[in-house]
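Below is one structure; the comments refer to it alone.
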Amino acid sequence: MKKLINHPENVVTEALQGMESAHADLIKVHYNPNYIVRADAPVSGKVGLLSGGGSGHEPMHGGFVGYGMLDAACPGAVFTSPTPDQMLEATKAINGGAGVLHIVKNYTGDVMNFEMAADLARSEGIEVEAVVIDDDVAVQDSLYTAGRRGVGLTVLAEKICGAAAEAKHSLQEVTEVCRKVNSQGRSMGMALTSCTVPHAGKPTFEIGEDEMEIGIGIHGEPGRQRMKIKTAAEIVEMLVKPIVEDLPFKSGDEVLAFVNGMGGTPLIELYLVYNEVQKLLSAHGIKITRHLIGSYITSLEMAGTSVTLLKLDDQLTKLWDAPVKTPALRWGM
Amino acid sequence: MKKLINHPENVVTEALQGMESAHADLIKVHYNPNYIVRADAPVSGKVGLLSGGGSGHEPMHGGFVGYGMLDAACPGAVFTSPTPDQMLEATKAINGGAGVLHIVKNYTGDVMNFEMAADLARSEGIEVEAVVIDDDVAVQDSLYTAGRRGVGLTVLAEKICGAAAEAKHSLQEVTEVCRKVNSQGRSMGMALTSCTVPHAGKPTFEIGEDEMEIGIGIHGEPGRQRMKIKTAAEIVEMLVKPIVEDLPFKSGDEVLAFVNGMGGTPLIELYLVYNEVQKLLSAHGIKITRHLIGSYITSLEMAGTSVTLLKLDDQLTKLWDAPVKTPALRWGM
Amino acid sequence: MTLSRDVLIRWMQLFAQSIEANKDYLTDLDSAIGDADHGANMHRGMQAVLSKLPTVAESDIGSILKTVGMTLVSTVGGASGPLYGTFFIQMASGASNKMELTLEDYINALQAGINGIVMRGKAHLQDKTMLDALQPALDALKQAAESGASLQDALEQSAAAAAAGRDATTPLLARKGRASYLGDRSIGHQDPGATSSHLLLQSLVDAVKA
Amino acid sequence: MTLSRDVLIRWMQLFAQSIEANKDYLTDLDSAIGDADHGANMHRGMQAVLSKLPTVAESDIGSILKTVGMTLVSTVGGASGPLYGTFFIQMASGASNKMELTLEDYINALQAGINGIVMRGKAHLQDKTMLDALQPALDALKQAAESGASLQDALEQSAAAAAAGRDATTPLLARKGRASYLGDRSIGHQDPGATSSHLLLQSLVDAVKA
Ligand SMILES: Nc1ncnc2c1ncn2[C@@H]1O[C@H](COP(=O)(O)OP(=O)(O)O)[C@@H](O)[C@H]1O
Ligand SMILES: Nc1ncnc2c1ncn2[C@@H]1O[C@H](COP(=O)(O)OP(=O)(O)O)[C@@H](O)[C@H]1O
Ligand SMILES: [Mg+2]
Ligand SMILES: [Mg+2]
Ligand SMILES: [Mg+2]
Ligand SMILES: [Mg+2]
C-alpha cells in the first residue's frame with residue numbers, strides 16, 4: 001500500500017486536522033463526534049444544510065462546507081457512513097431556527113444512519129427533512145431493491161441547495177429544489193484501477209493492465225462489468241448513452257455537464273474526456289450551458305472518471321451561478 | 001498503459017479542445033502553433049504575462065490563464081518544452097504595449113526555447129523580459145551547472161506577478177516582483193509511483209511496492225534518492241528541512257505554504273501532508289499565513305507530493321490575495 | 001440453566017475477540033462484493049463496546065444489551081452499525097430489569113432483535129444479508145426449545161444453523177446493501193454480514209461453555 | 001568527391017528513417033536519466049523535416065540546411081530542438097548559395113554547427129551531452145582530412161569517432177541537461193542526445209554510400 005499517511009487508524013483525523021488549520025476562516029472542525037461546520041454556524045433564519053458520508057471522497061463533503069453550500073458535513077471512517085450521533089450533533093450545531101435538510105447519498109448504511117439521526121433530532125424539536133440522492137444509472141435493475149447509488153449529482157445538489165438556503169428559502173422550498181435536482185440528474189462512472197482502503201492495506205479488487213471496470217460506485221467496489229480498456233471516445237459513449245437514455249435527455253435540453261476524476265486521474269485526461277462528452281452531447285442536440293471539471297467526488301486514489309448530467313432551467317442555473325465560498329468550490333466572492 | 005485517452009499523438013490537442021469548449025468565457029485556444037490566451041487579450045497598457053512548458057503538468061500553465069494571472073500559456077508536447085514559434089506568436093498576441101514578461105522554469109530546453117523566442121520578439125520591436133524560476137532544493141550541488149529546476153514556485157510566481165500586472169505595474173516592476181518571489185521561495189518533491197508518458201507507453205521508472213523517490217522533478221524523472229517508504233511525518237521532514245535550511249527560513253517568518261499533489265495523489269492525503277507541514281513549521285516558529293493545497297503542478301498520474309514555501313511580506317501577501325479568475329485558480333470574483 | 005449477566009458480558013468479550021481474529025477475513029469478504037470495511041467496522045465497534053462494558057458491570061441485562069447497541073450505533077457507521085445496533089437495542093427492550101435470561105427470554109430477545117433488523121433494513125430472507133444467518137438461527141433455537149433441548153444444546157444448534165445460513169448466502173444474488181449493485185457478480189461470494197452474525201452466535205455458545 | 005544537394009537530402013531522409021527505427025531506443029535511454037521523450041521529440045522533428053524537404057528540392061545547400069534547422073526549432077521543443085536546430089542553422093551559414101560541399105566545406109560547416117550548440121547550450125566536453133559525440137567526430141574528420149583520406153573514408157572515421165564518443169558518455173556524471181539533476185545516479189547510462197548525434201553522422205555515411 002502506497003499512501004502519504006502515518007497510520008491507517010489516523011488518516012481521517014489527521015486529514016481533518018489539516019483542513020482545520022488550512023481553512024480556519026471558512027470552517028470549524030469538531031472531533032468526537034467528528035463534524036465540520038461553517039465558521040459562522042448556525043446562521044440565524046437560514047435552512048441548515050447537512051451532508052455526510054464515508055471519508056475517502058474528498059473534497060466531498062467537508063470541502064463543500066461554507067457560504068453558499070453546506071452548513072455542515074459528517075465524515076465517517078473511510079468508505080463507511082458516519083453515525084447518528086455525529087449527524088445529531090451537526091444538526092443541532094447548524095439549526096438556525098429554519099430547520100435542517102439532510103442530503104443523503106443512497107447507500108443502505110447512509111440512509112439508515114441518517115434516518116436514526118433525523119428521528120433523534122426531531123425528538124429534540126428540530127425540523128428535519130431528508131432527500132436521498134440516487135443518480136447512478138449503472139444500477140438499473142429494479143430487482144435490486146437497495147435502489148440506485150448516490151454519486152456525482154450529490155455535489156451539484158449541495159451547491160444548488162446551498163444557494164437556495166443562502167437566499168433564505170424555506171425548508172420546504174430547499175427540499176423541493178433538492179428533489180428536483182435529484183429527478184433531473186443522472187451519473188455513471190468507470191475505473192482504470194482499484195483503490196486501497198487504508199485499513200485493508202491492499203487493493204479492493206485486482207484488475208489487469210489492459211482492463212477497466214464500467215459502472216463503478218465511489219467506494220472501490222467492483223463495477224457492473226469488466227472489459228478490455230477502450231478509447232476515451234468509446235468510454236464516454238458507454239457512460240453518456242445510458243445517462244441520456246435514462247432520464248431521458250432530449251435534443252434542445254440545456255445541461256450542466258460534470259466530468260469528475262476518481263482521485264488518481266490527472267486533469268489533462270479529464271479535459272480530454274470533457275471534450276468527448278461535449279462532442280457526443282452536441283451530436284444529440286444537447287447543449288452544455290454549465291460545467292464542472294475536476295476531482296470533486298473521489299474514491300481515494302482510484303484512476304477513473306464519472307460523468308454527471310443535470311438538466312438545467314432558469315431556476316437551477318441561477319442557483320448554480322450564485323456565489324459560493326468553500327475550501328473546494330469558490331466563485332463570485 | 002492505463003489512460004483515458006484516444007491516441008498518444010492526440011492527447012495534447014484533444015485536452016486543449018476540452019479546455020477551449022469548457023472555458024470559452026475565460027480563454028481562447030490557438031492551434032498550430034498551440035497557445036492559450038485570455039479571452040480579452042491583449043489588454044492595452046498592461047504588461048503581458050507568458051509562461052509555458054511541456055504538457056502533462058495540468059492545470060499548469062493553461063489553467064492559470066485569465067484575469068489576474070497569465071495572459072497566455074504555451075503548451076508543448078508532454079514533458080517537452082514548447083517551441084520558439086509558439087512563444088513568439090503568444091507574445092505578440094498579448095502585447096498590450098507595456099511589454100511582455102516570460103516566466104520560465106529552469107530546464108535547459110525551456111530556457112533555450114524561451115531565449116530564442118525573446119530574441120525573435122525583440123527583433124519585432126516588443127519589449128521582453130524573462131525570469132527563470134529555479135526553486136527546487138533537491139538539486140543542490142553547484143557542480144551540476146544546469147542549476148536548480150523550476151517547480152512549484154512557478155504557480156505562486158504566476159499568481160503574484162499576474163496581480164502586479166493587473167494593477168498596471170510596469171514591466172520593470174513586474175519583473176522585479178517575479179525575481180523577488182524566486183529569491184524567497186523554495187520547493188522539494190517526492191514520488192510514490194512513476195508516471196507514464198503517453199508516447200513512451202510504459203512507466204518512466206520502475207519502483208518497488210515499498211519504495212519511494214525523494215527529490216523528484218515534475219517530468220517523471222527519477223529523484224535524487226530512492227528509499228523505503230516512510231510515514232507522512234518523516235516524508236514531510238525530508239522535504240521541509242532542506243527547504244527551510246536553504247533559504248533559510250527563520251523563526252518569525254510568515255510564509256505561504258503550498259502542498260501540491262503530483263496528479264495521482266488524492267486530496268485526503270494532501271490535507272494530511274499539510275497537517276504535518278503545519279506542525280513542523282510551527283515547531284520552527286514559522287507561521288503559515290497563506291496556503292494552497294491541491295494538484296496544481298503535476299506529472300501526469302504520478303502519485304506524490306511537493307512542498308513549496310514562499311516567504312511573504314505585505315507586498316506579496318496583497319498580490320496573492322488580489323482577485324483571480326482562471327480555470328484553475330479563482331477567488332475574489 | 002439460564003444466561004447470567006456474567007455470561008452476557010463474556011459473550012461480548014468473546015465476540016470482540018472473534019471479530020479481532022476474523023477482521024481481515026471479514027474485510028476480504030467485503031472486498032469481493034462490497035467496500036472492504038466490514039472487518040474494520042465491526043472491530044471498531046466491538047473495541048468501543050469492550051471499553052464500555054465496565055460501566056455496566058453491575059447493571060441488569062436490558063441495560064447491558066442497550067449499551068452495547070447504542071455503542072455500536074455511535075461507533076460503527078455503515079450498514080452494519082445501525083443494524084447490529086438496532087438488534088441489540090431491540091433485544092434489550094424485553095430484558096430491562098432482568099438479571100438472567102431463560103431460554104424462552106433469549107428466544108424472545110433474539111426475535112425482537114431480528115425484527116429490529118428487518119424493520120431498519122427491510123431485507124427479506126435470501127437477499128444475501130445477515131438475516132440469512134440470523135433467521136435460521138432463531139428457527140433452530142425455537143425448534144430445539146420445543147423438543148426440550150438444554151439451553152446449551154439449543155444455542156449450539158442455533159449457531160450451527162447460522163453457519164449453514166451463512167454458507168447458503170454464497171450462491172445468492174444480493175438484493176440489499178452494497179453487494180446488490182454488483183448484480184450477477186455478487187453470486188458466488190459469501191456475505192460478510194452473515195459471516196459476522198454467525199460469529200456472534202458462536203461466541204455465545206463459547207461464553208456459555210467457558 | 002563532394003556532398004551534393006541530393007546527398008544532403010538523402011542524408012535527412014536516412015536520418016529520419018534511422019530516428020524512426022530507434023525511436024523507442026532513444027526514449028528508453030531518456031527514461032533512465034531524463035524524461036522519456038527524446039525519441040518522440042526527434043521523430044516529431046524529422047517527420048516535419050521530411051514533409052518540408054520537397055519545398056527545398058531545388059534550393060542551394062544553405063537553404064536546405066537552414067530549413068532543416070528552422071523546422072527542428074519549431075517542431076521539436078525541449079533541449080534537443082534548439083540545439084539541433086541551431087546546429088543546422090549554423091551549418092547553413094557558410095553554405096549559402098553552395099550547390100555542393102567539399103570535405104573542407106563540410107568540416108567548416110560541422111565546426112560552425114558545433115559552435116552553435118556550444119553557444120546555445122554552454123556545455124563542455126564530458127558533460128555527458130550530444131557534444132561528446134559531435135566533437136570527437138569533428139576531430140576525427142579533421143585528422144582524416146589532414147592525412148588525405150577520401151571524403152567517404154573521412155565520414156566513416158568521423159561516424160566511428162561519434163560512436164566511440166557516445167559509448168564514452170556512459171560512465172560520465174551528467175553536468176548539463178535534465179540528467180544533471182540525478183547527480184551520481186546519472187552514471188552508468190548512455191546519453192540519449194549523444195546517441196542521436198551518432199545516428200545523424202552515420203546517416204550521412206549511408207547517404208554517401210547509397
Ligand atoms: N438492508 C439490509 N438488511 C440487513 N442486512 C444488511 C442490509 N444491508 C446490508 N446488510 C448487511 O451489512 C453487511 C455489510 O456491512 P458493512 O460492510 O459493515 O457496511 P457497508 O455496506 O455500509 O460498508 C452486508 O454483508 C449485509 O450482511
Ligand atoms: N546544455 C546542453 N548542451 C548540449 N546538449 C544538451 C544540453 N542539454 C541537454 N543536451 C542534450 O539533449 C538531450 C536531451 O534531449 P531531449 O530529451 O530531446 O530534451 P529534454 O531534455 O528537454 O527532454 C540530452 O541527452 C543531451 O545530449
Ligand atoms: Mg462501508
Ligand atoms: Mg523533455
Ligand atoms: Mg462494507
Ligand atoms: Mg528528454
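Residue numbers begin at 1 in each chain, while the letters A, B, ... track the order of the sequences.
The minimum heavy-atom distance between B:Thr80 and D:Val76, with the atom names listed, is CG2-O, 3.3 Å.
Counting heavy atoms from C-beta on, the side chains of B:Glu221 and D:Leu182 never come closer than 4.5 Å. Looking only at side-chain heavy atoms (C-beta outward), B:Arg226 and D:Arg185 come within less than 4.5 Å of each other. Contact annotation: the side chain of D:Thr86 never approaches that of B:Met112 to less than 4.5 Å [non-hydrogen atoms, C-beta and beyond].
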Under the side chain to side chain contact (heavy atoms under 4.5 Å, CB included) criterion, do D:Arg120 and B:Glu115 qualify, and how do the steps go?
CA-CA 9 Å; D:Arg120 180 100 10 247; B:Glu115 269 171 14; 3.7 Å; yes

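Looking at B:Tyr107, the atoms closer than 4.5 Å to chain D (heavy atoms on both sides) sit in the backbone and in the side chain alike. Residue B:Asn32: no heavy atom, backbone or side chain, is found under 4.5 Å from chain D. Only the side chain of D:Asn41 comes within less than 4.5 Å of a heavy atom in chain B; its backbone stays farther off. Residue B:Glu206: no heavy atom, backbone or side chain, is found under 4.5 Å from chain D. Proximity to chain D (any heavy atom under 4.5 Å) is shown, for B:Gln86, by neither the backbone nor the side chain.
Salt bridge B:Lys202/D:Asp28: present, at least one basic N to carboxylate O contact under 4.0 Å.
In this structure, the separation between OG on D:Ser180 and CZ on B:Arg148 is 13.0 Å, given to the nearest 0.5 Å. The OG atom of D:Ser74 sits 10.5 Å away from atom CG of B:Asn113, with the distance rounded to the nearest 0.5 Å.
Taking a 6.0 Å sphere around NZ of B:Lys3, one finds it holds more than 12 heavy atoms contributed by other residues, nucleotides or ligands.
Residue with the most contacts toward chain B among D:Gly177, D:Ser80, D:Gly81: D:Gly177 (heavy-atom pairs, distance under 4.5 Å).
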